[in-house]
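In what follows, every chain begins at residue 1, and chains take the letters A, B, ... in the order their sequences are listed.
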Protein chains: 2
Amino acid sequence: MHHGANAPSPAGGPERGPRASDGPPVHGARPTMKDVAARAGVGLKTVSRVVNGEPGVLPGTAALVQRAIDELGFRRNDSARQLRTGRTAGIGLVMEDVADPFYSLLNGAVEEVARSHGSLLFTASSEDDPRRESELALALCSRRVDGLIMVPAAEDHTYLLPEIAAGLALVFADRPPVGLTADTVLVDNAQGARDGVAHLIAHGHRRIGYIGDSSRIYTSTQRLSGYRQAMAEAGAPIDESWIALGPSDQARVGDALDHLLDPRREYPITALFTGNNRLTVAVLRELAERQRAQRVTGVPTPGGTPGLALVGFDDFELADLLTPAITVVAQDPAGLGRTSAQLLFARLAGDGSPPRHIVLPTVLVPRGSGELPPPD
Amino acid sequence: MHHGANAPSPAGGPERGPRASDGPPVHGARPTMKDVAARAGVGLKTVSRVVNGEPGVLPGTAALVQRAIDELGFRRNDSARQLRTGRTAGIGLVMEDVADPFYSLLNGAVEEVARSHGSLLFTASSEDDPRRESELALALCSRRVDGLIMVPAAEDHTYLLPEIAAGLALVFADRPPVGLTADTVLVDNAQGARDGVAHLIAHGHRRIGYIGDSSRIYTSTQRLSGYRQAMAEAGAPIDESWIALGPSDQARVGDALDHLLDPRREYPITALFTGNNRLTVAVLRELAERQRAQRVTGVPTPGGTPGLALVGFDDFELADLLTPAITVVAQDPAGLGRTSAQLLFARLAGDGSPPRHIVLPTVLVPRGSGELPPPD
DNA sequence: ATGAAAGCGCTAACAC
DNA sequence: GTGTTAGCGCTTTCAT
């Protein structure tokens with residue numbers, strides 16, 4: 001399934017012998033508009049007009065030019081165009097991780113909107129590292145993207161002030177900026193968590209654990225505060241040892257569960273609220289493992305929640321097919337991306353109104369795990 | 001973003017009123033190297049040297065320049081740089097859908113490699129539409145990306161010949177190109193499917209259904225051929241009505257299952273092989289629904305496979321937590337992306353060897369659903 | 001309807 | 001060590 005090495009012949013022409021004046025691409029040489037103009041026997045500007053579909057070219061001339069374009073395999077150099085026009089028809093998206101299901105949906109929605117506006121999209125993953133975030137954001141600024149959508153990781157975004165002043169359109173998604181005011185699209189994290197926890201309470205739970213993301217992260221503290229609100233509203237006291245914040249990796253979650261489900265606890269928790277999809281999945285995996293390994297903690301409910309009721313923030317694929325199916329507080333990552341991108345393009349189209357602040361609602365999706373009653 | 005139109009003052013000069021000669025950004029005006037040079041009282045080239053970390057600048061001068069840079073909020077214009085150097089330090093990735101879990105993992109791996117080489121990544125989704133694929137690919141070529149990784153949808157890639165001739169580095173991932181020879185990284189689809197089906201056969205099945213993607217798609221036909229091979233090797237005759245090819249949407253899969261599980265069949269299938277992750281999930285969802293609705297087809301195994309053994313091509317998150325857990329033929333989307341990207345950057349670094357053709361192995365992951373015995 | 005000239009902001013090649 | 005000059009390929013402006 002491989003041929004010769006570097007076929008010198010580009011296709012279409014008799015190879016060997018540099019050929020006189022036909023056959024498209026000569027290796028390594030990018031034809032320019034000047035080349036096309038020379039070949040078509042017209043002026044440079046006429047080529048430009050044809051390439052850009054500008055009016056004021058006789059059909060015959062246009063055809064001539066088009067033929068030269070095809071023969072030469074010409075493709076307009078957008079770097080040069082950008083330098084001249086100042087517009088790149090490209091936008092940037094900086095977020096935690098393109099490979100994460102939540103962010104990949106956001107990414108997809110942004111891309112869709114960008115496409116509909118004729119823009120291409122640079123996507124970059126910050127890995128939630130503030131330094132990397134600013135590196136990437138500034139690299140995109142050097143590229144002179146027309147606009148930037150950021151899911152910020154940093155705790156200070158003043159480094160973007162010069163860019164904004166210079167005309168960068170900027171929208172923050174999922175988390176607000178720090179140190180400056182800009183368009184922001186958020187999810188109602190507190191209300192969502194509150195709904196989720198209230199749901200558990202409505203099903204008879206009073207001792208509810210909370211496994212959340214690091215308190216460094218905006219959404220995490222918002223969700224925790226929703227948890228506290230729901231508990232307070234129900235008059236349910238919170239034992240601070242029920243709250244476990246930290247990274248979303250399996251090991252940390254395992255430790256947190258060990259602590260939360262410690263059989264020596266006098267009043268064990270009967271329900272659990274998890275602060276994001278990765279935590280929810282990690283919890284499910286831990287519970288399943290515990291069940292396989294020890295078959296001890298409570299009634300081994302099939303699917304991994306040993307009698308423990310569970311509601312998770314974020315929906316995730318297959319949540320509905322687990323046993324029991326997992327009740328979640330669903331956000332709309334695609335909606336987040338779409339809204340942010342639409343806002344960005346509105347700015348690029350000249351919308352000069354004051355910075356907007358949009359909050360998207362969440363939806364509680366009962367599926368089973370959140371409706372399990374307490375053991376009692 | 002909005003605000004005043006064209007500030008006539010380039011920056012740095014006293015623009016009447018606001019500040020005399022300090023404070024970074026003057027609105028709307030992007031400072032250039034020339035501005036920085038003027039402000040620092042040095043030549044243009046010296047600024048260039050400092051910005052690019054080139055040697056041959058006295059520390060004192062460099063500090064002077066750096067100060068001017070910071071004060072002005074200067075950021076190098078990469079469009080101009082690219083025009084001059086011919087390199088964009090950017091690569092492109094065209095694939096079906098960034099939001100798909102499989103592709104988002106591939107995307108993440110490509111991005112990681114790009115980053116390690118100092119490149120930014122354009123990602124574009126073709127939606128499996130040939131025209132869109134070529135539009136996007138050519139748009140990226142206009143941007144003069146240094147290289148392009150494509151998961152092709154089109155059936156003809158000759159449109160890329162001029163670009164290759166002009167120096168574009170090009171790697172095809174997951175599916176081979178048509179009409180030209182280029183670096184290609186594939187997965188051993190036939191062998192993987194063969195392994196999966198052989199696994200079912202080893203567990204006593206002889207009547208095995210196959211739900212696959214449209215035969216338009218390369219990987220789909222490869223996998224189907226693996227299915228046929230495994231059956232042939234076992235001397236198991238194939239009833240062509242067991243094979244259902246088509247799109248991966250829920251409705252189509254539902255229809256296919258209706259047909260496959262038709263209770264009027266004299267010899268019903270006892271096992272099913274699904275051709276990709278979306279099909280597998282769609283099947284699981286359909287089976288779960290049937291179980292809820294009718295509780296008829298076979299023994300209602302918890303989790304949705306009513307006695308039907310199931311092996312799916314592609315791993316997917318939570319496959320291990322379903323009941324029964326789903327046996328899969330796992331490919332490595334990240335490996336696919338990483339390998340492709342490494343190959344691309346090797347080319348960009350000057351590797352001029354003949355086009356390479358890499359095939360990555362699959363791994364059978366037994367989890368339960370593929371080890372269910374036939375009802376008999 | 002068409003073209004010639006100027007210049008976008010930068011770097012490469014040389015001066016000094 | 002530093003500055004000057006020339007252009008990268010295109011669009012803009014203004015002639016014709």
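- No side-chain donor-acceptor contact under 3.5 Å links A:R144 to the backbone of A:L83.
- Side-chain N/O atoms of A:T61 include one lying less than 4.0 angstrom from OP1 or OP2 on C:dT2.
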Report task. Take B:V51 and B:I69 through the test side chain to side chain contact (heavy atoms under 4.5 Å, CB included) and record every step on the way to the result. Result -> CA-CA 9 Å; B:V51 168; B:I69 289 176; 3.8 Å; yes
Query - Nucleic acid footprint by protein, nucleotides 7-13 of chain C - heavy-atom cut-off 4.0 Å, B for base, S for sugar-phosphate alone - result: BBBBBBB
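- With 3.5 Å as the limit, one finds no donor-acceptor pair spanning the side chains of B:E111 and B:N107.
- Rounding to the nearest 0.5 Å places OG of A:S119 at 5.5 Å from CG of A:D146.
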Requested in this report: Show your working on salt bridge (charged side-chain N to carboxylate O under 4.0 Å, His left out) between B:E163 and A:R75 and close with a plain yes or no.
Outcome: CA-CA 9 Å; B:E163 307 306 322; A:R75 184 143 343 266; 2.7 Å; yes
